[in-house]
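First listed ligand is number 1; within each ligand, the first listed atom is number 1. We number each residue from 1, following the sequence as shown.
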Amino acid sequence: MRLRLRHLVATLIALPVLGLLVGWLGLVPIGASGGHWAATDWFLHWVMRNSVRTAALGTATPPLEDPAMLPLGAGHFEVGCAVCHGSPAQDRSAAALAMLPPPPVLSEVVPTWTDAQLFEIVQHGVRFTGMPYWPVRNREDEVWSIVAFLRQLPEMDAATYRQFAGLAETTPGAVEPPALTCDGCHAEERLTGRSLIPSLAGQSEAYLLDSLRAYSEGTRASGVMAVAISALKDEELPALASAYAERARRRQEPAEAKPAMAELGRKLAELGDPARRIPACLSCHEKPDANPAFPRLSGQSAPYLQSQLRLFVAKTRGGGPYRQLMQQAAEHLEEADIQALAAYFSARP
Ligand code: HEC
Ligand code: HEC
Ligand code: HEC
């Protein structure tokens, strides 16, 4: 009995020492070119699938039928995912295929996952692979738009994909494939009254610039915008802000509001509700002599206004140097107020 125990202790000490020795001598192959053994490959995927399945157990899936999620999802997919996974308009690059594990063709694997599982993968990434996590926290709404798009991907042909993503058609004989620009998402003619993507046309230049800096410095959290501007230098931002500020905002179809809701929206905007400590929105917004860093809200799509107000109420919106003012203004808004205000401002000329 004594002898056995001694052997056990000796083995327990020797094993990690042996492991360290093998590591120190450089005997563990880490080159990717050899690939994994079939058994390793199977085991890693098995662990990954089990892990995602368990992580997704408590995740409730919101409704994903809103067609406005598709331009946002496809646009981001083009900027942030297609480099590795390819897309209906583009095969995977040789560099992507040389990754270990290589990024799969998503239209083939998406049907093997549930919505909640796709959400887990896109939100948190996959450890020990090149699969990145969502670059900001607290923007589950953005990740769900990607999931809504992924769900449609297996059925999507190249032309439909290009249209959703805002990619121009390839011109015959063109050497470079068309690239997605800011206008792929923000062009006025691509937006509707249901868009989740904001209109930038006619917005205050100071506010646009503050917002771009806020995204790039991380004081305003949006994974979509963080990725979209990641390749830009700070010096390039002012020109973009001024170009959009000079454009004319197109009239979108405003959200429908029942008379009682329209009345609540108007009252809160003009007078606020002192009893509930809600200030009059128009005391800051839409005033010609106000601080130019206060954004214009009129004619903005109602779903976008709602999403931003919900983020302010949840204290996760962030923003530019004056964000604290808006944070306080929104503190006591309830869901009914948010819908009424979004309807009011979307319909305001
Ligand atoms: C830098 C390359 C890279 C980028 C960018 C990337 N991925 Fe991935 N992704 C991978 C790799 C590698 C895997 C394989 C993981 C594995 O085999 O377990 C993967 C796996 C996945 C999977 C699981 C597929 C499966 O069945 O194994 C999904 C879903 C996915 N990615 C979606 C996305 C989406 C959506 C985006 C953009 C928001 C994205 N990926 C961006 C590299 C990337
Ligand atoms: C994939 C689509 C997409 C692309 C590409 C994109 N944007 Fe955006 N943009 C969005 C979305 C969605 C939002 C709202 C993000 C949020 O919730 O904060 C946004 C927000 C903004 C805002 C803040 C607007 C406001 O009212 O607060 C500015 C400014 C902006 N984008 C500028 C740009 C510029 C400049 C580019 C090109 C470098 C660009 N965007 C590329 C989708 C996109
Ligand atoms: C004390 C001034 C002030 C008051 C009052 C105020 N706001 Fe704001 N609001 C701001 C500022 C400043 C910002 C810009 C925050 C940033 O830097 O992103 C803003 C931003 C917003 C945005 C985001 C716009 C976009 O394009 O993303 C919405 C929506 C908004 N306010 C709605 C309202 C509503 C509705 C009310 C009334 C309940 C209101 N605000 C009251 C100052 C104010």
Side-chain angles (χ1 to χ4, degrees), residues 44-45 48-49 52 71-72 74-85 96 99-104 106 108-110 112-113 117-118 121-122 125-126 128-132 134 139 141-143 145-147 149-150 165-166 180-186 196-200 203 207-212 214-215 220-225 227-229 231-232 236-237 240-241 243-244 268-269 272 278-285 290-291 293-297 300 304-305 307-309 311-312 317-330 333 337-338 341-342 344-345:
L44 291 176
H45 273 107
M48 181 253 196
R49 293 201 81 93
V52 170
L72 175 52
H76 179 78
F77 189 87
E78 177 61 23
V79 196
C81 318
V83 267
C84 287
H85 290 285
M99 291 173 68
L100 185 67
L106 289 181
E108 288 166 12
V109 292
V110 156
T112 68
W113 300 102
Q117 290 168 346
L118 289 173
I121 295 172
V122 180
V126 183
F128 302 130
T129 76
M131 176 60 200
W134 197 249
R139 288 309 304 264
D141 59 323
E142 292 188 320
V143 177
S145 286
I146 307 294
V147 173
F149 163 77
L150 289 177
L180 182 70
T181 60
C182 313
D183 266 345
C185 284
H186 287 289
L196 297 169
I197 299 171
S199 164
L200 309 179
Q203 183 55 281
Y207 171 73
L208 290 176
L209 185 55
D210 280 350
S211 301
L212 290 172
Y215 289 127
R220 180 171 172 185
S222 161
V224 172
M225 276 307 296
V227 171
I229 61 167
L232 293 178
E236 295 176 89
L237 302 182
L240 287 165
Y244 277 107
L268 288 176
I278 300 172
C281 317
L282 294 169
S283 64
C284 288
H285 292 284
N291 183 334
F294 296 174
R296 173 181 172 192
L297 308 176
Q300 191 61 277
Y304 173 75
L305 292 172
S307 81
Q308 299 300 302
L309 288 171
L311 292 171
F312 276 119
R317 160 61 155 69
Y322 303 99
R323 59 183 183 272
Q324 212 49 45
L325 292 176
M326 183 56 209
Q327 180 77 69
Q328 282 160 9
L333 293 178
D337 305 328
I338 290 177
L341 284 162
Y344 170 81
F345 280 109

Q: Compare all side-chain heavy atoms of Y207 with those of N291 and state whether any distance is below 4.5 angstrom.
A: no

Q: Can you figure out which of A330, C284, S199 has its heavy atom closest to atom 4 (C) of ligand 3?
A: C284

Q: For atom 5 (C) of ligand 1, which protein heavy atom lies nearest, and how many Å away is it?
A: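 Residue, atom and distance for the closest contact: G80 O, 3.2 Å.
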
Q: For ligand 2, which atoms, with element, lie under 4.0 Å from some heavy atom of H76?
A: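 Per the distance check, 1 (C).
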
Q: Give me the ring orientation class for F294 and Y322: parallel if the planes are under 30° apart, tilted from 30 to 60°, perpendicular past 60°.
A: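 The arrangement is perpendicular - the two ring planes meet at more than 60°.
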
Q: Which residue and atom name correspond to the protein heavy atom nearest atom 33 (C) of ligand 1, and how close is it?
A: M131 CE, 3.3 Å

Q: Between M225 and atom 8 (Fe) of ligand 2, is there a contact where an N/O/S atom of the residue lies under 2.8 Å from the metal?
A: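 Yes - counting backbone and side chain alike, M225 has an N, O or S atom under 2.8 Å.
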
Q: Can you report which non-hydrogen protein atom sits closest to atom 30 (C) of ligand 3, along with the distance?
A: M326 CE, 3.4 Å

Q: Just to be sure I read this right, does ligand 3 sit under 4.0 Å from the backbone of L297, its side chain, both, or neither, counting only heavy atoms?
A: side chain

Q: Is there at least one pair of N or O atoms, one from Y322 and one from ligand 3, spaced under 3.5 Å apart?
A: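 Between Y322 and ligand 3 (N or O atoms, distance only) the closest approach is not under 3.5 Å.
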
Q: When you look for heavy atoms under 4.0 Å from ligand 1, do you find them on the side chain of L44, its backbone, both, or neither?
A: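 Near ligand 1, L44 shows nothing, with every heavy atom at 4.0 Å or more.
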
Q: To the nearest 0.1 Å, how far is atom 12 (C) of ligand 1 from its closest protein heavy atom, and which atom is that?
A: P101 O, 3.3 Å

Q: What's the shortest heavy-atom distance between G75 and C185, and which atoms?
A: CA-SG, 4.3 Å

Q: Check whether any side-chain heavy atom of L150 sits under 4.5 Å from a side-chain heavy atom of F77, and report yes or no.
A: yes

Q: What are the atoms of ligand 2, with element, lying closer than 4.0 Å to any heavy atom of L232?
A: 38 (C)

Q: Answer side chain, backbone, both or neither: which part of V110 comes under 4.0 Å from ligand 1, heavy atoms only.
A: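 None of V110 does.
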
Q: I'd like to know whether ligand 3 has L341 as a neighbour, heavy-atom separation below 4.0 Å.
A: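 Checking ligand 3 against L341, which is what was asked, there is a heavy-atom contact under 4.0 Å.
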
Q: Could you tell me the residue and atom name of the protein heavy atom closest to atom 6 (C) of ligand 1, and the distance to it rounded to 0.1 Å?
A: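 The closest heavy atom on the protein side is P132 CD, 3.4 Å.
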
Q: Heavy atoms only: which of I121, V224, T129 is nearest to atom 15 (C) of ligand 1?
A: T129

Q: Show the nearest heavy-atom pair for residues A214 and G319, with the distance to one decimal.
A: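 For A214 versus G319, the nearest heavy atoms are CB-O, 3.5 Å.
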
Q: Nearest non-hydrogen atom to atom 8 (Fe) of ligand 3 belongs to which of R323, H285, Q308?
A: H285

Q: Considering only heavy atoms of V122, which atoms of ligand 1 have at least one such atom less than 4.0 Å away?
A: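 Contacts of ligand 1 toward V122, numbered from 1: 35 (C).
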
Q: When you measure from atom 1 (C) of ligand 1 to each heavy atom in C84, P103, A96, which option holds the nearest one?
A: C84

Q: State the atoms of ligand 2, each with its element, that fall below the 4.0 Å cut-off from a heavy-atom position in L208.
A: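 Under 4.0 Å from L208, ligand 2 has these atoms: 29 (C).
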
Q: I146 versus W134: any side-chain heavy-atom pair under 4.5 Å?
A: yes

Q: Ignoring hydrogens, just give me the one of R49, M48, H45, H85 whose non-hydrogen atom is nearest atom 20 (C) of ligand 1.
A: H85

Q: Specify side chain, backbone, both or neither for L200, according to which of its non-hydrogen atoms lie closer than 4.0 Å to ligand 2.
A: side chain

Q: Measuring from I121:CD1 to R49:CZ, what's the distance to the nearest 0.5 Å?
A: 7.5 Å

Q: Against heavy atoms of L305, which atoms of ligand 3 measure under 4.0 Å?
A: 29 (C)

Q: Are E142 and L196 close enough that some pair of their side-chain heavy atoms sits under 4.5 Å apart?
A: no

Q: Look at atom 27 (O) of ligand 3 and say which protein heavy atom is nearest, naming residue and atom and giving the distance to 0.1 Å.
A: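 Minimum-distance protein heavy atom for atom 27 (O) of ligand 3 reads Y304 OH, 2.7 Å.
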
Q: Side chain, backbone, both or neither: which part of L309 comes within less than 4.0 Å of ligand 3 when only heavy atoms are counted?
A: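 The part of L309 near ligand 3 is the side chain, not the backbone.
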
Q: Which of these, P104, G130, A82, has its nearest heavy atom closest to atom 13 (C) of ligand 1?
A: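 Comparing heavy atoms across P104, G130, A82, the nearest one to atom 13 (C) of ligand 1 lies in P104.
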
Q: Does some non-hydrogen atom of G184 fall short of 4.0 Å from ligand 2?
A: no

Q: In terms of residue, atom name and distance, what is the protein heavy atom nearest to atom 37 (C) of ligand 1?
A: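 For atom 37 (C) of ligand 1, the nearest protein heavy atom is C81 SG, 1.8 Å.
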
Q: With a cut-off of 2.8 Å, does C185 place any N/O/S atom under that distance from atom 8 (Fe) of ligand 2?
A: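 Given the 2.8 Å cut-off, C185 does not count as a ligand of atom 8 (Fe) of ligand 2.
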
Q: Does the residue A280 have a heavy-atom contact with ligand 3, meaning some pair of atoms that are separated by less than 4.0 Å?
A: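 It does, in that a heavy atom of A280 comes within the 4.0 Å cut-off of ligand 3.
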
Q: What protein heavy atom sits nearest atom 9 (N) of ligand 2, and how far away is it?
A: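 Of every protein heavy atom, H186 NE2, 2.8 Å lies nearest to atom 9 (N) of ligand 2.
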
Q: Applying a 4.0 Å heavy-atom criterion (strictly less than), which segment of C182 is in contact with ligand 2: side chain, backbone, both, or neither?
A: both

Q: Once you restrict to heavy atoms under 4.0 Å, what part of R220 touches ligand 3? Side chain, backbone, both or neither.
A: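 Side chain only.
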
Q: Just to be sure I'm reading this right: ignoring hydrogens, which of R317, Q327, Q324, Q300 gets closest to atom 18 (O) of ligand 3? Compare them by their nearest heavy atoms.
A: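 It is R317 that holds the nearest heavy atom.
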
Q: Using a 3.5 Å cut-off on N or O atoms only, is R139 in polar contact with ligand 2?
A: yes

Q: For atom 23 (C) of ligand 2, which candidate among Y215, F77, Y244 holds the nearest heavy atom?
A: Y215

Q: Side chains of P321 and D210: closer than 4.5 Å at any heavy-atom pair?
A: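 A side-chain contact exists here, since the closest heavy-atom pair is under 4.5 Å.
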
Q: Need the ligand 1 atom indices (1-based, order shown) with element for anything under 4.0 Å from a heavy-atom of I146.
A: 35 (C)

Q: What part of L237 sits under 4.0 Å from ligand 2 if we count only heavy atoms: the side chain, the backbone, both or neither?
A: neither

Q: Just which atoms of ligand 2 are under 4.0 Å from any heavy atom in G75?
A: 1 (C)

Q: Roughly how far, to the nearest 0.5 Å, is the SG atom of C84 from the CG atom of L106?
A: 10.0 Å

Q: Any chance the side chains of R317 and Q327 put a donor and an acceptor closer than 3.5 Å?
A: no

Q: Between W113 and ligand 1, does any nitrogen or oxygen pair lie at a separation below 3.5 Å?
A: yes

Q: Report yes or no: does a heavy atom of E78 sit under 4.0 Å from some atom of ligand 2?
A: no

Q: Could you check whether any side-chain heavy atom of M131 comes within less than 4.5 Å of a side-chain heavy atom of P103, counting everything from C-beta outward?
A: no

Q: Have a look at P198, P71, A74, G318 and point out the one with the heavy atom closest to atom 11 (C) of ligand 2.
A: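 The option holding the nearest heavy atom is P198.
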
Q: If the plane angle is over 60° it's perpendicular, under 30° parallel, otherwise tilted; pick one for Y244 and H186.
A: perpendicular

Q: Below 4.5 Å, heavy atoms only, C-beta onward: do L341 and C281 meet side chain to side chain?
A: yes

Q: Any non-hydrogen side-chain atom of L240 less than 4.5 Å from a side-chain atom of L232?
A: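 They are in side-chain contact.
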
Q: Considering only heavy atoms, which of Y207, Y344, F312, F294 lies nearest to atom 26 (O) of ligand 3?
A: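 It is Y207 that holds the nearest heavy atom.
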
Q: Purely on distance, is any nitrogen or oxygen of G320 under 3.5 Å from one on ligand 3?
A: yes

Q: Please list, in number order, the atoms of ligand 2 under 4.0 Å from a heavy atom of L72.
A: 12 (C)

Q: Specify side chain, backbone, both or neither for L118, according to which of its non-hydrogen atoms lie closer than 4.0 Å to ligand 1.
A: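 It is the side chain that gets close, since no backbone atom is under 4.0 Å.
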
Q: For atom 14 (C) of ligand 3, which of the options P295, G319, C281 provides the nearest non-hydrogen atom?
A: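 When every heavy atom of P295, G319, C281 is considered, P295 comes closest to atom 14 (C) of ligand 3.
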
Q: Looking only at non-hydrogen atoms, find the nearest pair between Y344 and A269 and report the distance.
A: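 Closest approach of Y344 to A269, heavy atoms only: CE2-CB, 3.4 Å.
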
